[in-house]
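This report concerns only the one structure given below.
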Amino acid sequence: MENDSRSDGFISAHDFDILCDAFEASVEEGRVTKAHRIQHAKNLVRELTGQENADKHLISRMMRGCHATQP
């Protein structure tokens, strides 16, 4: 059986980049309003990790690390 490191909420740098790309694409395509960006980021992390509560530090890094949140 393969060891799935995501079971504890951990994601790799590669997965983080994928999350940022997906987040940016959603924002750039106009599918996510500014008011809903944080919730959308949480939903993306939840889908990847399977964790009900997305880590707030990860969400914060994601919001800072993704160009879509910049003015």
Can you list the steps and then say if Asp55 with Val45 is a side-chain contact (heavy atoms from CB on, under 4.5 Å)? CA-CA 8 Å; Asp55 179 78; Val45 171; over 6 Å; no
Would you say the side-chain atoms of Asn43 and Glu47 include a donor-acceptor pair closer than 3.5 Å? no
Any side-chain donor near an acceptor of the partner, Thr33 and His36, under 3.5 Å: yes
Atom CD1 of Ile59: over 12 foreign heavy atoms under 6.0 Å: yes
Side chain to side chain contact (heavy atoms under 4.5 Å, CB included) with His40: which residues, sequence neighbours excluded? Phe23, Ser26, Val32, Leu44
Tell me every residue that passes side chain to side chain contact (heavy atoms under 4.5 Å, CB included) with Glu29, counting only those two or more places apart in sequence or in another chain.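 Glu29: side chain to side chain contact (heavy atoms under 4.5 Å, CB included) contacts with Ala25, Arg31.
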If you measure from SG on Cys20 to CG on Asp15, what distance do you get to the nearest 0.5 Å? 11.5 Å
With respect to Ile11, which candidate in Asp17, Thr49, Ile18 satisfies the side-chain contact (heavy atoms from CB on, under 4.5 Å) definition?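 With Ile11 as partner, side-chain contact (heavy atoms from CB on, under 4.5 Å) holds for just one option, Thr49.
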Short side-chain to backbone donor-acceptor contact, Arg46 and Ala54, under 3.5 Å: no
Over all heavy atoms of both residues, which pair between Leu19 and Met62 is shortest? Give the atoms and the distance, please. O-CE, 3.8 Å
